[in-house]
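If you're wondering where the values come from, they're calculated on a predicted model, not measured in any experiment.
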Amino acid sequence: MLPWRRIRRIRKTQTRTLLPALALAVAATAATPTAALATDTASEAVSSGWNDYSCKPSAQHPRPVVLVHGTFGNSVDNWLGFAPYLVQRGYCVFSLDYGQLPLVPLFHGLGPIDQSAKQLSSYVDRVLAATGAAKVDMVGHSQGGMMPRYYLKFLGGAPKVNALVGIAPTNHGTTLSGLTKLLDYFPGVGDIIAKGAPGLMDQVVGSDFLRRLNEGGDTVPGVRYTVISTKYDEVATPYRAQFLSGPNVKNVVIQDLCATDISEHVTIGLTDGLAFHEAVNALDPEHATPTTCASDD
């Protein structure tokens, strides 16, 4: 049997290594692969046709679309596929950075989620003022599909939002494929993560933030909700915890539309044409067309 001092020393070592292990596990799966390439996000977005504040919504698409990135994402890298997809279809498209930590460039969505929702609130007001629209639609990936619900429920956002589309959202938290259960074996590590990157712990199943967010129901009146999930999600797990309950809700599993789609958490938001097609259906249900394996264009 090991001496108690050695046991305590080993446990301290394990505790010190768990934090970076968990952070790296999230980063490896949730960070967008092109994050290191972004040098001037604002100009890159405008040159690709979005974040153009001179854009005026058309009669066909009367509401601007606000894109909300996920954890470890940013306003450009998370949307290099989907934003141009929307622009090509005539939408005015805008994206924001939120949840920034000091001295952490490019990788955002790490701050307290209630504070991130306040940043979203200010951004929506900016978009509405620039475009003259009465409401926006929102599409968010991962945390970005869940965080706007706080804005809708607690910050007066519901009258300003027509629809919220969540792609692989962490609506009821995540177990991170079981990794978060390790926190039970290392008391205090959760507090360390919460202090350094509170946006991570806010998304763990059973967090105080999620209990408050979901207490009394998942939805608010007047907003249409769509959740687009993949059964191969390895980050927002279990994937059915992404679903919402309530009126004006549609929950979609992408494999129910195309059984051969193998997108996981990152690719469903970055490159999956089926998810993009289904998101556009949610934005414009009057002109929706069936999403099939052939929709991946």
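Heavy atoms of other residues, nucleotides or ligands lying less than 6.0 angstrom from NZ of K135 number more than 12.
Between Y53 and F94, the ring center distance clears the sub-6.0 Å criterion. For H141 and F82, the distance between ring centers is not under 6.0 angstrom.
Side chain of N78 to backbone of N74: no donor-acceptor contact under 3.5 angstrom is found. Proximity of a side-chain donor or acceptor of D97 to a complementary backbone N or O of S75 within less than 3.5 Å is detected. Judged purely by atom type and a 3.5 angstrom limit, S58 uses its side chain to pair as donor or acceptor with the backbone of H61. No side-chain donor-acceptor contact under 3.5 Å links R63 to the backbone of A133. No side-chain donor-acceptor contact under 3.5 Å links D261 to the backbone of L274. At least one donor-acceptor pair under 3.5 Å links the side chain of Q119 to the backbone N or O of G99. A donor-acceptor pair under 3.5 Å is absent between the side-chain atoms of S142 and the main chain of G144, judged by distance alone.
In this structure, P84 and G81 approach most closely via the heavy-atom pair CD-O, 3.6 Å. Pairing each heavy atom of I268 with each of I228, the nearest pair is CD1-O, 4.0 Å. Taking all atoms of both residues into account, the shortest heavy-atom contact from G109 to Q143 is O-NE2, 2.8 Å. Nearest heavy-atom pair, T260 versus C293, reported as atom, atom and distance to 0.1 Å: OG1-SG, 3.8 Å. In terms of heavy-atom proximity, A236 sits nearest to A168 at CB-O, 4.1 Å. Between Y85 and G273, the shortest heavy-atom contact is OH-O, 4.3 Å.
Taken together through direct or relayed side-chain contacts under 4.5 Å among Ile, Leu, Val, Met, Phe, Trp and Tyr, V65 and L96 form parts of separate hydrophobic clusters. No single ILVMFWY cluster, assembled from side-chain heavy atoms under 4.5 Å apart, contains both V124 and Y91. Both V249 and V161 are part of a single hydrophobic cluster, where members link through side-chain heavy atoms under 4.5 Å apart. If you chain together hydrophobic residues whose side chains sit under 4.5 Å apart, M147 and L101 never meet in one group. Residue L152 is grouped with residue L155 when hydrophobic side chains (ILVMFWY) are merged at heavy-atom distances under 4.5 angstrom, including chains of intermediate members.
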Worksheet item: What's the verdict on side-chain contact (heavy atoms from CB on, under 4.5 Å) for L67 and M138, showing C-alpha distance, side-chain angles and the deciding distance?
Response: CA-CA 6 Å; L67 304 179; M138 290 186 183; over 6 Å; no
Worksheet item: Which is it for V68 and Y151 under the side-chain contact (heavy atoms from CB on, under 4.5 Å) test, yes or no, and what are the steps along the way?
Response: CA-CA 12 Å; V68 190; Y151 164 62; over 6 Å; no
Worksheet item: Could you go step by step and tell me if L244 and R149 meet the side-chain contact (heavy atoms from CB on, under 4.5 Å) rule?
Response: CA-CA 11 Å; L244 296 174; R149 294 178 47 228; 3.8 Å; yes
Worksheet entry | Intermediate values then yes/no, side-chain hydrogen bond (donor to acceptor under 3.5 Å, both in side chains), R240 and N251 | CA-CA 9 Å; R240 292 189 179 276; N251 296 308; over 6 Å; no
Practice prompt. Give the intermediate values and the outcome of side-chain hydrogen bond (donor to acceptor under 3.5 Å, both in side chains) for residues N281 and H287.
Written response: CA-CA 7 Å; N281 280 347; H287 299 95; over 6 Å; no
Fill in: Evaluation steps, side-chain contact (heavy atoms from CB on, under 4.5 Å), between S229 and V252
CA-CA 6 Å; S229 303; V252 178; over 6 Å; no
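For S54, the side chain to side chain contact (heavy atoms under 4.5 Å, CB included) criterion is met by D52, not counting sequence neighbours.
Taking OG1 from T170 and CD1 from I113, the interatomic distance works out to 6.0 Å, rounded to the nearest 0.5 Å. Summarising the geometry, atom OG1 belonging to T131 is positioned 6.5 Å from atom NZ belonging to K56; distances are rounded to the nearest 0.5 Å. Here S245 contributes atom OG and Y225 contributes atom OH; the two are 12.0 Å apart, rounded to the nearest 0.5 Å. Separation of atoms NE2 (H108) and CG (D77) is listed at 9.5 Å; rounding is to 0.5 Å. C92 contributes atom SG, which lies 11.0 Å from atom CG of N51 (distance to the nearest 0.5 angstrom). Rounding to the nearest 0.5 Å gives a distance of 14.5 Å between OH of Y239 and CD of E234.
Residues V205 and H172 have side chains not in contact (no heavy-atom distance under 4.5 Å, counting atoms from C-beta outward). Counting only heavy atoms from C-beta outward, the side chains of L283 and L86 approach each other to under 4.5 Å. Side-chain contact check for T292 versus C258: every heavy-atom pair is 4.5 Å or farther apart. Contact annotation: the side chain of P238 approaches that of T175 to within less than 4.5 Å [non-hydrogen atoms, C-beta and beyond]. Proximity of L120 to V66: side-chain heavy atoms (C-beta onward) are separated by under 4.5 Å at one or more points. Between V227 and N171 there is a side-chain heavy-atom pair separated by less than 4.5 Å. Inter-residue side-chain proximity for E278 and K250 is flagged as met; some heavy-atom pair is nearer than 4.5 Å.
Judged purely by distance below 3.5 Å, without hydrogens or angles, the side chains of T267 and D272 never pair a donor atom with an acceptor atom. Judged by distance alone, the side chains of Q203 and T174 never bring a donor and an acceptor atom under 3.5 Å apart. A donor atom on one side chain and an acceptor atom on the other are not found under 3.5 Å apart for T230 and H265. For D233 and Q242, the side-chain atoms include at least one donor-acceptor pair closer than 3.5 Å. Side-chain contact, R212 with Y150: a donor N or O sits under 3.5 Å from an acceptor N or O. Between the side chains of T219 and N248, no donor-acceptor pair is found at a separation under 3.5 Å. Side-chain contact annotation: T289 with H277, donor-acceptor N/O pair under 3.5 Å present. Using modelled atom types, one finds a donor on one side chain and an acceptor on the other under 3.5 Å when comparing N162 with D137.
Under 4.0 Å is where a charged nitrogen must lie from a carboxylate oxygen, and between E215 and K153 no such pair does. Under the 4.0 Å criterion applied to side-chain N and carboxylate O atoms, R89 and D284 are not assigned as salt-bridge partners.
Each of Y98, F107, Y123, W79 was checked for a ring-ring contact (aromatic ring centres under 6.0 Å, His included) with H69, and the lone residue meeting it is Y98.
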